[in-house]
Amino acid sequence: MDPSPSSVPQAPKSSYTSALSPLTSAFSRFSQWRKSFDLPNPGTVENLQKEVKSTHLTNFMFDGARADLTKSLSMNPAFQVTHSFILGSQVSTPSYNFGAVFANNDMFLQGSVDHEGNVSARMNQGWAENSITKIQTQISSQAGHSMIQLEHDYQGQDYSLNAKAVNPWPADLTGIYIGSYFQSVTKNLALGVETLYQRPTPDMSDFTTSYLAKITSDDKNWIATAQVQPSGILQATYWQKLHEKVEVAADLQLMASPQRRDAIATLGAKYDLRMSTFRAQLDSTGKVSALLEQRFAPTFAFLVAGEIDHFKNAAKVGVGVMIESSTLTPEEMGMPPQH
């Protein structure tokens, strides 16, 4: 006759588990209490000024002539190659760059090599929807330009964590180490901290901490951010979506230290039209710049950029083209078949 369940001896709980039981119970109650607020994820510290950077010209401005020729070889997984040419620039020498991109649901790979043999590569590996490991590396023939960066990004329900190491060396712990934590306090306000530790040599190190704040409207039509360092450095931004196709942004960078006092203010606007995008920007150093990206077809775009520096009495002009081609059939690209 089988013994009844009540007669089967139960394994005693370990003392280790019993000791941790109050802590795990308290943490579980805290997690449930925190979840009841239904706070949104605040985004990453790296993308704190994402909307402002997308509106301003800082990451899009160029001069001289440029051409980007892209060819798609596969859609799923995505695989494409790019040939980039730059000529006649006042700030950089003529160059050629060959790049390739591969991406699927869990991995993103990007690599490029220029005419001088400088190689750069980037890999993003997604372990889950909220956990990504990133690796970036650059190999250059110039001394001091080679680097490697290791990074891990974790997105919680109402917070984000990021850890980054640039040129780390385990033997003597030299390198640059950055850690950040960003937490939603209310549905509209998020606060965070970012710490940077630099150790260029074993006998030299530097420690810097920044404090972050982000305010988002209920309808997400405007965002204000601030980043402050105790050394006297402040960066404040404001972005607003005035219309479905019109965005404006302002940026203020202020330095108030005993050694230096300086400030730069930048205003910018972006207009998204049916087949074109126009960006304009003005800053307190006397620079006025604009960029027009006109698409004559889904696979062909023409760019015109210009900048006037009134204080230095200088000007820059740039023109460019972006051409995309594909060996895929319309059915492979997800388009309706053409008869």
Side-chain angles (χ1 to χ4, degrees), residues 26-56 58-59 105-106 108 122-136 149-166 176-197 207-242 244 246-254 266 268 270:
F27 180 77
S28 178
R29 290 196 301 269
F30 174 76
S31 297
Q32 292 296 328
W33 172 77
R34 183 172 170 177
K35 190 175 181 180
S36 65
F37 288 97
D38 193 27
L39 298 177
N41 182 279
T44 63
V45 172
E46 182 180 7
N47 292 328
L48 183 65
Q49 295 110 11
K50 176 183 177 182
E51 292 79 10
V52 174
K53 292 178 180 178
S54 175
T55 303
H56 283 176
T58 307
N59 296 332
N105 293 333
D106 300 321
F108 174 84
R122 176 183 173 189
M123 183 189 79
N124 294 358
Q125 173 63 54
W127 309 106
E129 291 185 1
N130 59 350
S131 181
I132 303 176
T133 297
K134 306 177 183 179
I135 301 176
Q136 296 184 45
Q149 176 177 298
L150 310 176
E151 180 180 359
H152 188 78
D153 194 65
Y154 181 82
Q155 302 289 313
Q157 178 184 348
D158 57 2
Y159 67 93
S160 64
L161 279 169
N162 182 274
K164 187 182 303 180
V166 182
I176 301 175
Y177 304 89
I178 305 172
S180 64
Y181 178 76
F182 208 27
Q183 171 71 56
S184 290
V185 180
T186 68
K187 292 183 181 296
N188 306 103
L189 175 64
L191 302 175
V193 61
E194 182 179 60
T195 299
L196 183 146
Y197 176 71
F207 192 84
T208 305
T209 299
S210 302
Y211 302 96
L212 318 166
K214 179 180 179 181
I215 303 176
T216 307
S217 65
D218 291 332
D219 55 7
K220 293 182 170 47
N221 277 342
W222 64 264
I223 298 174
T225 71
Q227 185 169 0
V228 183
Q229 294 184 16
S231 58
I233 299 176
L234 165 68
Q235 181 177 12
T237 68
Y238 178 80
W239 171 87
Q240 184 169 354
K241 192 169 186 177
L242 299 178
E244 183 181 353
V246 182
E247 301 174 11
V248 294
D251 176 85
L252 174 64
Q253 300 182 39
L254 176 66
T266 305
K270 183 178 78 166

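Just so it is clear, the structure is predicted and the values come from calculations on it, not from any experiment.
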### Task
May I ask you to decide if Ile176's main-chain N or O and Lys164's side chain share a donor-acceptor pair within less than 3.5 Å?
no
### Query
Under the salt bridge (charged side-chain N to carboxylate O under 4.0 Å, His left out) rule, what pairs show up with a residue in residues 225-241, not counting sequence neighbours?
none
### Query
To the nearest 0.5 Å, what is the distance between CZ (Phe182) and CD (Gln155)?
10.5 Å
#### Entry: Residue pair Asp38, Lys187: steps toward the side chain to side chain contact (heavy atoms under 4.5 Å, CB included) verdict
CA-CA 8 Å; Asp38 193 27; Lys187 292 183 181 296; 3.9 Å; yes
### Qualifying residues under side-chain contact (heavy atoms from CB on, under 4.5 Å), relative to Ala165, sequence neighbours excluded
Pro168, Tyr177
### Message
Suppose we screen for side-chain contact (heavy atoms from CB on, under 4.5 Å). Which residues come up paired with Tyr238, at least two apart in sequence or across chains?
### Response
Trp222, Ala224, Gln240
### Message
If the condition is side-chain contact (heavy atoms from CB on, under 4.5 Å), which residues does Gln125 pass it with, not counting sequence neighbours?
### Response
Asp106, Met107, Met123, Trp127
## Note on the structure
Here the gap from Gln235 atom CD to Gln227 atom CD, rounded to the nearest 0.5 Å, amounts to 6.0 Å
### Message
Under the rule for side-chain hydrogen bond (donor to acceptor under 3.5 Å, both in side chains), what residues qualify as partners of Asn162, not counting sequence neighbours?
### Response
Glu151, Asp153
#### Entry: Approximate separation, where rounding is to 0.5 Å, of Leu189 CG and Leu191 CG
4.5 Å
### Contacts of type side-chain hydrogen bond (donor to acceptor under 3.5 Å, both in side chains), residue Thr44, not counting sequence neighbours
Asn47
### Task
Scan for salt bridge (charged side-chain N to carboxylate O under 4.0 Å, His left out) pairs involving residues 209-228, sequence neighbours excluded, and state none if there are none.
none
### Query
Between CG of Asn124 and CZ of Phe108, what distance do you get to the nearest 0.5 Å?
6.5 Å
### Any residue meeting side-chain contact (heavy atoms from CB on, under 4.5 Å) with Gln183, in chain and number order, not counting sequence neighbours
Arg34, Asp158, Tyr159, Tyr181
### Message
Working to the nearest 0.5 angstrom, can you tell me the gap between Thr58 OG1 and Asp251 CG?
### Response
7.5 Å
### Message
With salt bridge (charged side-chain N to carboxylate O under 4.0 Å, His left out) as the rule and sequence neighbours excluded, what pairs involving residues 125-135 come up?
### Response
Glu46-Lys134
### Query
So, Ser184 side chain and Pro40 main chain: donor-acceptor pair closer than 3.5 Å or not?
yes
### Message
Treating Thr55 as the side-chain partner and Glu51 as the backbone partner, does any N or O pair qualify as donor plus acceptor under 3.5 Å?
### Response
yes
### Task
Kindly determine whether Ile178 and Glu194 satisfy side chain to side chain contact (heavy atoms under 4.5 Å, CB included), including the steps that lead there.
CA-CA 7 Å; Ile178 305 172; Glu194 182 179 60; 3.8 Å; yes
### Query
Looking only at heavy atoms, which two atoms of Leu39 and Val185 are closest? And how far apart?
CD1-O, 3.9 Å
### Summary
Taken in chain and number order and not counting sequence neighbours, the residues that satisfy side-chain hydrogen bond (donor to acceptor under 3.5 Å, both in side chains) with Thr208 are none
### Query
Going from OH on Tyr154 to OG1 on Thr133, what distance comes out if it is rounded to the nearest 0.5 angstrom?
13.0 Å
### Query
Does atom CG of Asn59 have more than 12 heavy-atom neighbours, drawn from other residues, nucleotides or ligands, at distances under 6.0 Å?
yes
### Query
Taking only residues two or more places apart in sequence, or in another chain, which ones meet Ser160 in a side-chain hydrogen bond (donor to acceptor under 3.5 Å, both in side chains)?
none
